[in-house]
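Take a look at the structure set out below.
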Amino acid sequence: QVQLVESGGGLVQAGGSLRLSCAVSGSIFSINAMGWYRQAPGKLRERVASIGSGGSTNYADSVKGRFTISRDNAKNTAYLQMNNLKPEDTAVYYCAAGVGTIASDYWGQGTQVTVSS
């Protein structure tokens, strides 16, 4: 069993920063890719960022240059550093992990990020 627990969400002003954390427990041997997704009201869930076991990263165009995904394999934790936040970044952010290259097999419960203008 794999469990993912997000933390670090909250309310910030536009232009501010937040750092999300995702602690992974359970059968971590099976985990390869990890990623962050978000879903805003009335919107489809979108992939924000992903990172492979070797450290390669991918970002949605909307967050490039502002968000940074990282992972600490020794601590079994992934992070999403979010800088220069915009109101349109407001969403529930989900951490996800996968046994292959797609982080979609296991999901956290989500954490709310609200950016006020």
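Note: hydrogens, waters and symmetry copies are ignored here, and every other heavy atom, side chains too, is used.
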Q. More than 12 foreign heavy atoms under 6.0 Å from CG of Leu11: is that the case here?
A.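 Correct, the count exceeds 12.
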
Please tell me if the side chains of [X] and [Y] come closer than 4.5 Å, counting only heavy atoms from C-beta onward.
X     : Y      : result
Ile31 : Arg71  : yes
Thr68 : Tyr79  : no
Leu20 : Val113 : yes
Val48 : Met82  : no

Which distance, rounded to the nearest 0.5 Å, do you find between the [atom1] of [X] and the [atom2] of [Y]?
X      : Y     : atom1 : atom2 : answer
Asn84  : Ser17 : CG    : OG    : 7.5 Å
Glu6   : Ser21 : CD    : OG    : 10.0 Å
Ser116 : Leu85 : OG    : CG    : 10.5 Å
Tyr94  : Leu4  : OH    : CG    : 13.5 Å
Asp89  : Arg38 : CG    : CZ    : 4.5 Å
Leu44  : Gln39 : CG    : CD    : 7.0 Å

Shared ILVMFWY cluster between [X] and [Y], side chains joined below 4.5 angstrom?
X     : Y     : answer
Val63 : Val12 : yes
Trp36 : Val2  : yes
Val99 : Val24 : yes

Q. Does a donor on one side chain and an acceptor on the other come within less than 3.5 Å for Asn32 and Ser53?
A.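 Present: a donor and an acceptor within the cut-off.
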
Q: Could you tell me whether Asp61 and Lys64 make a salt bridge, using a distance below 4.0 angstrom between a side-chain N and a carboxylate O?
A: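 The answer is yes: the pair qualifies as a salt bridge.
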
Q. Does any N or O in the side chain of Thr90 come within less than 3.5 Å of the main-chain N or O of Val115, such that one atom is a donor and the other an acceptor?
A.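 Flag set: sc Thr90 to bb Val115 pair under 3.5 Å.
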
Q.
Quick one: does any side-chain atom of Tyr37 pair with a main-chain N or O of Ser104 as donor and acceptor, under 3.5 Å?
A.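 Here the side-chain-to-backbone pair does not exist.
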
Might you point out which heavy atoms bring [X] and [Y] nearest each other, and give the distance in Å?
X      : Y      : value
Tyr59  : Ile69  : OH-N, 2.9 Å
Gly100 : Asp105 : N-OD2, 4.3 Å
Cys22  : Met34  : SG-CE, 4.0 Å
Ser117 : Ala14  : CA-CB, 4.5 Å

**Q.** Residue list, side chain to side chain contact (heavy atoms under 4.5 Å, CB included) with Gln3, at least two apart or on another chain
**A.**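 With neighbours one apart ignored, the set is Ser25.
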
